[in-house]
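Here is the structure we will look at.
Here is the naming used below: chain letters follow the sequence lines, and residue numbers restart at 1 for every chain.
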Amino acid sequence: MELTVDQPFDLTASLESGQSHRWDYPGEEGDSWYTGVIRGDLVRIRRTPLGVEFRTSPTVESDFAPRLANYFRLDDNIEAIYDDIRRDKRVAEMVEHYPGLRVLRVEPWECLVSFICSANNNIQRIHNNMETISEAFGSAVSLDRYTRYTFPTPADLAEAGEMELRRLGLGFRAPYVHKAALAVLEGRLDLDELVRLPYPDAKGRLMECPGIGPKIADCIAVFSLEKLEAFPIDVWVRRALGEWYFPNQKIPKDSVLLEWAQNHFGRYCGYSQQYLFHGRRLRGRALDETNAP
DNA sequence: TTCTGCCCTTGGCA
DNA sequence: ATGCCAAGGGCAG
């Protein structure tokens with residue numbers, strides 16, 4: 001079925017910018033369809049001139065369409081957001097260059113685990129970790145010749161235990177994931193409540209979990225808890241901010257940098273950050289290819 | 001209280 | 001081979 005998208009929408013940039021870690025990308029030789037899992041459904045999707053074409057299982061496509069629109073935040077007034085974040089010249093350039101990079105609305109528990117896994121890790125391996133966890137403890141969902149696994153519940157991972165998670169290759173992050181599973185299972189961490197809570201409170205609650213510091217809390221907040229004012233500061237963003245806005249001087253510490261960024265980029269700085277991160281990463285990749293023998 | 005240095009798993013790459 | 005780095009965070013001092 002086809003969903004018309006009447007707004008700037010870059011499927012590739014949105015799915016491959018390190019927000020969700022549950023998508024298989026179309027290969028160079030492939031057929032341009034992405035395959036992923038959104039909550040309980042396997043989803044196949046590709047861009048079309050008018051929007052996106054998609055198939056789902058087990059939910060029928062007509063029922064799934066609104067959930068897909070929700071996942072891609074098509075309810076955002078994207079032009080208003082772009083107008084706002086264009087206050088910064090460099091972000092404005094990137095918006096021109098990559099129109100339609102969306103902030104996603106990822107399922108909070110899945111998002112939390114993926115970003116605990118992101119600590120001192122690379123994107124490819126985060127994907128592998130998420131996939132391995134799902135295959136081990138999730139449920140199979142199939143469509144045609146494709147089979148994937150849903151992301152396991154907190155109860156599933158609490159029962160699995162730290163050692164089993166460690167065996168799957170999570171390394172030092174295994175106890176963090178296990179403890180987070182217990183916290184959610186026992187009601188000490190209520191992710192639904194965090195959606196309703198103001199940003200600073202939600203971030204504070206997240207940071208009570210071992211393994212979740214300011215950066216990871218901000219990632220969870222912006223990609224799954226409706227906090228577009230969160231601004232995750234990672235190595236790429238810190239590097240970019242330092243080079244562009246604090247040249248030839250010591251880069252302020254992250255807590256100062258965060259306050260500066262939220263003030264400078266405005267209330268939708270989560271979008272600004274995604275543009276800075278994505279633009280910076282693509283530039284790095286292009287440079288790598290340029291320097292390749 | 002705040003800052004610094006070091007450690008933590010794993011794997012890919014030079 | 002061996003070290004460095006990868007969407008960081010905890011901990012000691």
Distance between the P atoms of B:dA14 and C:dA7, in whole angstroms?
-> 16 Å
Sugar-phosphate, base or nothing in reach of A:Ser17, heavy atoms under 4.0 Å = base
Do A:Arg125 side-chain and B:dT9 base share a donor-acceptor contact under 3.5 Å?
-> yes
With a 4.0 Å cut-off, would you call A:Arg267 and A:Asp84 a salt bridge?
-> yes
May I ask you to evaluate whether A:Arg166 reaches the phosphate of B:dT9, defined as a side-chain N or O under 4.0 Å from OP1 or OP2?
-> yes
Partner nucleotide, any strand, of B:dG5 [Watson-Crick/G-U, under 3.5 Å] = C:dC11
Find the distance A:Met207:CE to C:dG8:P and express it as a whole number of Å.
-> 15 Å
Checking all strands, does A:Arg239 fall into the base, sugar-phosphate, or nothing category for heavy-atom contacts under 4.0 angstrom?
-> sugar-phosphate
note: A:Asn122, atom CG; B:dC8, atom P; distance rounded to Å ~ 20 Å
Between atom CG in A:Asn120 and atom P in B:dC6, what is the gap in whole Å?
-> 15 Å
Expressed as a whole number of Å, how far does the P atom of C:dA12 sit from that of B:dT9?
-> 15 Å
Going through the distances and angles, do A:Tyr271 and A:Phe265 end up as a ring-ring contact (aromatic ring centres under 6.0 Å, His included)?
-> CA-CA 9 Å; A:Tyr271 264 94; A:Phe265 294 104; over 10 Å; no
When rounded to whole Å, the CE to C1' distance for the pair A:Met130 and C:dA7 reads 14 Å
Under 4.0 Å between a Lys/Arg side-chain N and an Asp/Glu carboxylate O for A:Asp144 and A:Arg55?
-> yes
Nucleotide C:dG9, atom P - distance to NZ of A:Lys179 in whole Å = 16 Å
List in chain and number order the residues that pass side-chain hydrogen bond (donor to acceptor under 3.5 Å, both in side chains) with A:Asn122, two or more places apart in sequence or in another chain; answer none if no residue qualifies.
-> none
Answer yes when A:Asp201 and A:Lys227 have at least one side-chain N-carboxylate O distance shorter than 4.0 Å, and no when they do not.
-> no
May I ask you to check whether A:Phe9 and A:Phe72 place their ring centers less than 6.0 Å from one another?
-> yes
Side chains of A:Tyr82 and A:Asp76: do they bring a donor and an acceptor to under 3.5 Å?
-> no
When you compare C:dC5 with B:dC6, how far apart are their P atoms, in angstrom units rounded to a whole number?
-> 14 Å
Taking the six-membered ring for Trp, does A:Trp236 stack with C:dA7 (centroid gap under 5.5 Å, planes within less than 30°)?
-> no
Determine: side-chain N/O of A:Lys253 to OP1/OP2 of B:dC3, distance under 4.0 Å, yes or no.
-> yes
Give the rounded distance in Å between these two atoms: CD of A:Gln124 and C1' of B:dT10.
-> 13 Å
Residues of residues 261-276 of chain A with any non-hydrogen atom less than 4.0 angstrom from an atom of DNA chain B: list those, numerically ordered, please.
-> none
Using the P atoms only, state how far C:dG3 lies from B:dC7, rounded to an integer number of Å.
-> 13 Å
Which whole-number value in Å describes the distance from A:Ile116 CD1 to C:dG10 P?
-> 10 Å
If you look at every strand shown and take non-hydrogen atoms under 4.0 Å, does A:Gly211 touch a base, only sugar-phosphate, or nothing?
-> sugar-phosphate
CD (A:Gln262) with more than 12 external heavy atoms under 6.0 Å | yes
Take A:Gly18 and A:Cys209, find for each the nucleotide of DNA chain C with the closest heavy atom, and name the residue whose nucleotide sits nearer the 5' end.
-> A:Gly18
What's the CG-C1' distance between A:Leu168 and B:dT10, to the nearest Å?
-> 13 Å
